[in-house]
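What you see is a predicted model, and the numbers here were worked out from it, not measured in a lab. Here is the naming used below: chain letters follow the sequence lines, and residue numbers restart at 1 for every chain.
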Number of protein chains: 2
Amino acid sequence: MDNTEPGPGSRVTMRDVAREAGVHLSTVSRVLRQSPLTSSLTPTAVKIRKVAKELGYEADPLAASLRSGRTRTVGVVMTRLSDVVVATVYEAIEQAFSKSGFQTLLVGASDEPDDQQRKADLLLARRVDGLLLGASSLDDAFVDRLREQNIPYLLVLRRSGDHPAVTLDDELGGYQAGRDLIAHGHRRVGVVAGSSSVSTGSDRLQGFLRAFAEAEIPVDPSYIVAAGFHVEAGREAAEVFLQHKNPPTGIFAMTDYSALGVIGAYREHGLKVGRDFALVGYHDMSISANLSIPLTSVHSPLYELGAQAATLLLARMAGEEVTSVRLAPTLNVRESSAAMWPPDRATA
Amino acid sequence: MDNTEPGPGSRVTMRDVAREAGVHLSTVSRVLRQSPLTSSLTPTAVKIRKVAKELGYEADPLAASLRSGRTRTVGVVMTRLSDVVVATVYEAIEQAFSKSGFQTLLVGASDEPDDQQRKADLLLARRVDGLLLGASSLDDAFVDRLREQNIPYLLVLRRSGDHPAVTLDDELGGYQAGRDLIAHGHRRVGVVAGSSSVSTGSDRLQGFLRAFAEAEIPVDPSYIVAAGFHVEAGREAAEVFLQHKNPPTGIFAMTDYSALGVIGAYREHGLKVGRDFALVGYHDMSISANLSIPLTSVHSPLYELGAQAATLLLARMAGEEVTSVRLAPTLNVRESSAAMWPPDRATA
DNA sequence: CCGTAACATGCAAACGATTGCCAATCGATT
DNA sequence: AATCGATTGGCAATCGTTTGCATGTTACGG
């Protein structure tokens with residue numbers, strides 16, 4: 001026998017509704033799930049709905065999921081949510097799913113592959129109907145396993161192998177940044193790069209280098225500093241640049257944040273962006289256009305990215321085949337890189 | 001009869017472990033839950049654990065929750081996650097709960113009270129063990145209902161009534177901002193305020209005004225512009241200031257973002273922050289110290305806020321009484337407000 | 001007027017755990 | 001050797017749904 005909660009103060013269950021309406025439990029279930037088997041106009045259905053409302057019945061998703069195996073929940077694994085880029089994408093994802101009546105279960109993961117896997121397993125244990133991965137590294141055996149297990153999943157922001165993914169065309173973005181620096185006369189350039197094991201970073205670098213290869217301008221590898229995506233990374237890289245006797249005249253930072261770090265560090269050396277050096281950032285966050293010297297930046301459609309990811313995963317969950325989507329960025333040229341280089345040649 | 005998933009490819013259940021180990025189902029449950037009733041050293045316990053590992057058994061949280069009523073999940077309601085402040089706090093929350101073996105279910109809500117309530121109800125239907133509310137307005141009847149229903153909850157970031165909350169001392173922050181502007185000689189000041197129905201905004205304003213009241217300096221109400229917390233809000237407010245024939249010399253923006261908006265808009269009028277006007281921001285995000293002209297800003301311990309919120313909610317869930325916590329901010333004075341006003345008086 | 005399709009209900013077995021109660025076991029104490 | 005107390009393990013009910021099958025009802029065409 002069990003006496004945990006004997007009081008009548010408990011919740012209203014289907015059993016209560018059934019008793020009150022004078023029908024069987026299962027009938028209530030069918031009517032309320034509006035299963036296609038039962039038209040909604042029959043007097044019984046009307047009565048059940050009325051009683052349910054009167055009693056304030058609310059379905060228990062737990063019990064339903066246990067029995068049906070479906071949870072109407074998708075799991076989302078993301079890194080560092082405090083990164084605006086990530087947060088914006090997640091916000092879009094959440095809204096899209098919420099609109100379709102799904103709930104998202106968000107877990108943060110570090111950049112270690114193991115951590116992502118552990119967190120994803122946690123989500124799978126919760127029986128999510130689908131999985132959105134925003135933290136996978138380029139070589140992630142774990143994702144292969146997902147495919148084999150036939151679990152609907154989708155990568156977002158980062159690619160890996162030939163797994164379906166919704167990403168930004170980072171190669172193109174890097175290319176655009178490179179073209180911009182070339183077009184403004186820069187021949188000696190530096191890059192504030194992120195970790196090379198993450199597709200976003202390596203793609204941007206590749207595109208950037210392609211631009212210079214096409215223009216047949218060599219890029220000194222020692223000017224490519226893998227520092228990271230945050231403000232401090234920019235400062236670090238800046239110090240490296242400034243130690244060269246011939247520092248680069250044009251800099252591509254892989255994040256607006258690291259671009260700000262560069263601005264700050266250079267500033268402490270008395271150097272001013274847009275005058276003493278050119279700078280191109282990435283992601284075109286709302287702040288970038290509003291700096292004292294507005295920042296040239298590659299704009300990424302982050303919100304659309306999240307929305308598309310949600311749509312595609314929903315399609316996959318419905319059994320459809322989907323193909324990866326790659327969204328194109330656009331370059332916004334502003335004062336930080338708009339001047340021609342070398343300066344004053346025309347007037348000298 | 002039921003034939004939904006007859007295949008043996010299903011998951012490993014306790015029943016399987018019990019059969020394999022030659023003990024009763026319930027014994028397995030007790031050992032694996034390491035209920036205090038069963039010491040873990042008995043041979044049966046050892047065997048069960050061994051078998052469980054061999055079979056790759058993993059508990060189904062759904063089934064466990066259904067029976068036990070506990071989910072080891074807390075619900076979190078927040079607004080606009082793309083706001084770094086909110087995202088940072090959430091990140092801290094998630095990490096803290098994750099460390100305690102809880103999962104967080106995050107839902108985004110708009111600023112409308114109804115929406116928050118709807119989203120919270122969704123979470124309650126999922127039987128969360130506790131609720132963290134980051135989107136409540138000042139007058140929120142919904143939270144009262146929670147108290148009556150005896151559900152462990154906690155407000156975070158925003159206060160409401162006498163509900164337990166972990167917040168920043170925004171009044172103090174506003175005061176500090178005000179003191180700074182006064183100390184640097186400003187007598188005509190403007191405020192870029194947010195919505196007054198949210199405690200963060202109204203508290204900051206109140207503190208700011210207290211500083212001026214104490215110093216017996218009047219503040220012109222038409223210089224207080226309720227525009228919002230984002231970049232565009234700053235631009236908007238700046239335009240309002242500039243339409244006055246005597247624009248304020250010192251400006252308090254309630255967010256670093258809106259501060260950036262002000263910088264941008266003034267800049268387009270040829271006005272430079274730190275020289276032509278002083279500016280104080282709020283939250284001291286990583287970028288603020290790295291601007292060309294570093295921004296004076298009130299620093300809030302956001303990460304600590306999230307961590308404390310998690311700790312306190314856990315305590316409440318364990319039945320302890322908790323008292324609200326209010327974390328003190330600290331002012332970081334930088335170039336944007338460091339100069340004395342009016343300028344050049346000493347040298348003139 | 002009957003056979004039958006079509007549909008609305010009812011029945012009961014799951015889904016996979018937790019847990020109150022009780023019987024059995026075991027060691028120690030008298 | 002008998003008794004007592006404490007552990008241990010088994011039993012079965014239960015959490016609140018979903019769902020395959022069987023039954024009952026209605027309507028309709030031939």
Side-chain angles (χ1 to χ4, degrees), chain A residues 1-7 9-19 21-49 52 55-72 125-127, chain B residues 1-7 10-19 21-49 51-52 55-72 124-127 129:
Chain A
M1 211 60 49
D2 203 28
N3 276 337
T4 337
E5 276 296 327
S10 313
R11 58 166 42 214
V12 186
T13 80
M14 272 191 176
R15 180 178 252 90
D16 301 324
V17 177
R19 192 187 336 98
V23 298
H24 193 268
L25 181 60
S26 63
T27 309
V28 176
S29 171
R30 276 188 277 254
V31 167
L32 261 33
R33 285 318 111 229
Q34 41 195 1
S35 134
L37 291 169
T38 313
S39 94
S40 22
L41 306 157
T42 125
T44 336
V46 174
K47 168 148 207 191
I48 288 176
R49 266 191 287 271
L55 263 50
Y57 168 75
E58 265 191 273
D60 183 336
L62 248 49
S65 298
L66 175 60
R67 173 61 228 243
S68 70
R70 282 167 265 120
T71 55
R72 294 197 75 76
R126 296 234 162 200
R127 302 264 197 88
Chain B
M1 210 59 52
D2 204 27
N3 277 337
T4 337
E5 276 296 326
S10 312
R11 54 165 47 213
V12 186
T13 83
M14 271 193 176
R15 180 180 252 89
D16 301 325
V17 178
R19 191 187 338 98
V23 298
H24 193 268
L25 180 62
S26 63
T27 310
V28 177
S29 171
R30 275 189 276 255
V31 168
L32 261 32
R33 287 315 113 233
Q34 42 195 0
S35 134
L37 292 169
T38 312
S39 92
S40 20
L41 305 158
T42 128
T44 336
V46 173
K47 166 143 208 195
I48 288 176
R49 265 190 287 271
V51 171
L55 264 49
Y57 169 75
E58 264 191 275
D60 183 335
L62 248 49
S65 298
L66 175 60
R67 173 61 226 247
S68 70
R70 285 167 263 120
T71 55
R72 295 197 77 74
L124 289 176
R126 295 234 163 200
R127 303 263 198 86
D129 293 338

**Request:** For residues R126(B) and T71(B), determine if any side-chain heavy atom of one lies less than 4.5 Å from a side-chain heavy atom of the other.
**Result:** no
**Request:** Answer yes or no: is there a side-chain heavy-atom contact under 4.5 Å between I48(B) and L32(B)?
**Result:** yes
**Sequence-distant partners of R19(A), side-chain contact (heavy atoms from CB on, under 4.5 Å), two or more places apart** = D16(A)
**Prompt:** Which of the following nucleotides, dT18(C), dC21(C), dT17(D), is nearest to the side chain of M14(B)?
**Reply:** dT18(C)
**Request:** Consider the side chain of S29(B), meaning its heavy atoms from C-beta on, and name the nucleotide among dA8(C), dG16(C), dT18(C) that approaches it most closely.
**Result:** dT18(C)
**Request:** For L25(A), answer base if it contacts any base atom (sugar-phosphate contacts may also be present), sugar-phosphate if it contacts only those atoms, and nothing otherwise; contact means non-hydrogen atoms under 4.0 Å.
**Result:** base
Would you please confirm or rule out a distance under 4.0 Å between OP1 or OP2 of [N] and any side-chain N or O of [X]?
X: S26(A); N: dG10(C); value: no
X: R33(B); N: dT18(C); value: yes
X: R67(A); N: dA12(C); value: no
X: R70(B); N: dT19(C); value: yes
X: H24(B); N: dC11(D); value: yes

**Fill in**
Assert: residue with more 5' nearest nucleotide on DNA chain C, out of L62(B) and T27(B), is L62(B)
**Residues that T13(A) engages under side chain to side chain donor-acceptor pair (under 3.5 Å), provided they are two or more places apart** = none
**5' priority, DNA chain D, between P43(B) and R127(B) [closest heavy atom]** = P43(B)
